[in-house]
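Worksheet: the structure to be examined is printed underneath.
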Amino acid sequence: MFPYSVLAGCLFSLSHTVSVVSSRSNYDGSPSSAPPFTIKPVTDLVVVNKVIAPDGFARSATLAGGIFPGPLIKAQKNDHFSINVVNRLHDKDMPLSTSVHWHGIQQKKTNWADGASFVTQCPIPQNRSFLHEFSAPNQTGTFWYHSHFSTQYCDGLRGPLVIYDPEDPHQDLYDIDDENTIITLSDWYHDPTPKLNKIFGPITSNSTLINGLGRYPGGPKSPLSIINVEQGKRYRFRIIGLSCDPSYNFTIDGHTMTIIEADGIETVPETVDSLPVLAGQRYSVVVCANQPVDNYWVRAPSNFANQTFAGGLSQAILRYNGAPDEDPTSTPGPYILPFNEGKLASLLSIPVPGFPEIGKADVHINLLATTVNGIFRVNNVTYHNPPTPVLLQMLSGAQHPSDLLPSGSVYELPSNKVVEITLPYTGLLFGGTHPIHLHGHTFAVVRTSGNSTPNFVNPIWRDTVSMGSKGDNVTIRFVTDNSGPWFIHCHIDFHLNHGFAVVMAEARDQLPNLNAGIPASWASLCPSNQTSSQARLGSFNTTISHLGSFNKTTLT
């Protein structure tokens, strides 16, 4: 039975709809009451440098479409995506190359379009462009996009992507779901990332931005985002963790939230009054505007130490129509409906692949992460970008998995097998809760953080999972039905930059089907002179500028 708070909790039922307007920043940091800028799935996405001041501090940023967050890519179920990423970067204090990853999109048969630099493609050089052509059959829900080159997305290149389902099985639970009910949570830094990358240890953001606006300690009273609602209406808020590092505890004073989606997977409705959102994670929650007409604080404190709401820090405003234009006086809590990931379940009861016992999958991989002097290691190996993208190496016909670079960080997976990955939390000296993201798949979380008992009956499926804390051993399962190399990494971008990643080289025998769809422009992104890389690869004797000469006989 669906929760009472969703189906019957609203005291009013109005016959007309109303838009929800979330104030957000223009490129110069000034507030705008216009709806978020939206683009279609067939579009140019121009990456530029512009000065913005989303928290009142002006700095040059790397932006999609010249705004932060980037424009919403708004699609419908089974739409085809044709997104031309155009690199117009010029600020030499930040990276001038770029790439864009479509987070949560599985890229069936289009691994080359995944956008992960040095895994599935070479970065897009300055003043060049690259056309990503892909589909997302049967995928709907809340996703996002971000740079996957160095730590560039921490400089601003990140934005929402939503695939709407006209036959959403939850549509009777809410009245309003549009581009204005998207809520993004992000950290913001006053220093450019090349400076931050020199820090080998915890990095604290200057501010938390909700829908692109926020304040920093000691800074000006910069505008905060305002989410307008009408009493009696039920809203589907799509909450997106655009963070580079911290996780957030999302709450709305005086209101509960009913979770109906996690990372693009519909869930059995679960009502909570607080919601942890890690970097890369997304949730849809139904919130009923059933309180007296007033202003209420929307809060998103991070997991950093010494968090405070003083002066509007880490907050936005939920404003009922008819409420005065003033700051809320609402108070937080009491919190009596805590979030428990182990209670989440897929609405469609997606079956867990393989034998229902830990360790009884076709392939079992234990990924033990540790830190030494601020550098991360996974199974005693620190990930480094290879000289040639892993996909290109696989296409070249490398004779053995051990030939694939970076050495020790690539795990070869056979096709059509059940893979189980365990993520024991031990040996990590800093970083709080680590969100682990797998490209190319959703996975069954058969053992969540905070739970020692596995769930093979109806666990949540998602693409970004919390490793939890010391003593946890989070376990996931998926089937190798998507050929190509797929990154699995900590989504704290500074941790990825310092080695917290491996690559799953999946279903090599299916590469001929993948190769047939790769455009010539993909190989042209890579420098033509890769003599040293080719020498290290040994069997790689075809230059990347002649990708078209690769044929099925080379893919052994």
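FYI, side chains are in, hydrogens and waters are out, and symmetry mates aren't considered; it's all heavy atoms of this structure.
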Quick one: are P454 and T475 in side-chain contact, heavy atoms under 4.5 Å? no
Short question: side chain of N111, backbone of P485 - any donor-acceptor pair under 3.5 Å? yes
Please check this pair: side chain of T256 against backbone of V272, looking for a donor-acceptor N/O pair closer than 3.5 Å. no
Please enumerate all residues that pass side chain to side chain donor-acceptor pair (under 3.5 Å) together with N366, with sequence neighbours excluded. T422
Within 45° of the axis and under 6.0 Å from the centre of the six-membered ring of Y425, does NZ or CZ of R447 qualify? no
Verify, without hydrogens or angle tests, whether N451 (side chain) and S449 (backbone) share a donor-acceptor contact under 3.5 angstrom. yes
Please state whether the rings of H491 and H148 are parallel, tilted or perpendicular, taking 30° and 60° as the class boundaries. perpendicular
Is there a side-chain contact between W522 and C122 (heavy atoms, below 4.5 Å)? no
Flag yes if more than 12 heavy atoms outside K108 fall under 6.0 Å of its NZ atom; otherwise flag no. yes
Of all the heavy-atom pairs spanning L404 and A505, show the shortest one and how long it is. CD1-CB, 4.1 Å
Checking H170 against E261: is there a side-chain donor and acceptor pair closer than 3.5 Å? no
Checking C154, S150, C244 against N497 for side chain to side chain contact (heavy atoms under 4.5 Å, CB included), the one that qualifies is S150
Rounded distance (nearest 0.5 Å) linking atom OG1 of T184 with atom CD1 of I182: 8.5 Å
Between V47 and L89, does a side-chain contact (heavy atoms from CB on, under 4.5 Å) hold up when you go through it step by step? CA-CA 6 Å; V47 180; L89 297 173; 3.7 Å; yes
For the rings on H498 and F500, is their centre-to-centre separation under 6.0 Å? no
Verify, without hydrogens or angle tests, whether N87 (side chain) and S129 (backbone) share a donor-acceptor contact under 3.5 angstrom. no
So, are D177 and R238 salt-bridged, with charged N and O less than 4.0 Å apart? yes
Assess the side chains of S207 and D55: does a donor N or O sit below 3.5 Å from an acceptor N or O? yes
Do the ring centers of H495 and H489 come within less than 6.0 Å of each other? no
For H80 and S135, does a side-chain donor sit closer than 3.5 Å to a side-chain acceptor? yes
Show, in sequence, the C-alpha distance, side-chain angles and deciding distance for R282 and D463, and conclude whether the salt bridge (Lys or Arg N to Asp or Glu O under 4.0 Å) test is met. CA-CA 10 Å; R282 297 89 61 208; D463 58 57; 2.9 Å; yes
So, for A113 and H132, which heavy atoms are closest and what is the spacing to 0.1 Å? O-ND1, 3.0 Å
With F134 as reference, evaluate W112, Y145, F81 under the ring pair (Phe, Tyr, Trp, His ring centres under 6.0 Å) test and give the passing residue. F81
So, T267 side chain and I259 main chain: donor-acceptor pair closer than 3.5 Å or not? yes
Is the distance between the ring centroids of H437 and W144 less than 6.0 Å? no
Okay, side chain of T181, backbone of R236: is any donor-acceptor separation there less than 3.5 Å? yes
S147 versus Q152, side-chain donor and acceptor atoms under 3.5 Å: yes
Within the 3.5 Å criterion, strictly below it, is a donor on S346 or N458 matched to an acceptor on the partner's side chain? yes
Are any of the side-chain heavy atoms of F376 and H434 separated by less than 4.5 Å? yes
Name the one of T193, N49, T62 that satisfies side-chain hydrogen bond (donor to acceptor under 3.5 Å, both in side chains) with D155? T193
Just by modelled atom types, is the W486 backbone N or O under 3.5 Å from a matching donor or acceptor in the E506 side chain? no
I want to know whether Y189 and F494 have ring centres closer than 6.0 Å. yes
Determine the sole option in H146, H103, H101 for which the ring pair (Phe, Tyr, Trp, His ring centres under 6.0 Å) test with Y153 is passed. H146
Would you say CZ of R377 has more than 12 non-hydrogen atoms from neighbouring residues, nucleotides or ligands within 6.0 angstrom? no
Centroid separation under 6.0 Å, is that true for the rings of F237 and F250? no
One should read off an interatomic distance between L344 CG and R462 CZ, to the nearest 0.5 angstrom, of 7.0 Å
Has the side chain of D168 got a donor or acceptor atom that lies under 3.5 Å from a matching backbone atom of D165? no
Taking atom types as modelled and ignoring hydrogens, do the side chains of S99 and Q121 form a donor-acceptor contact shorter than 3.5 angstrom? no
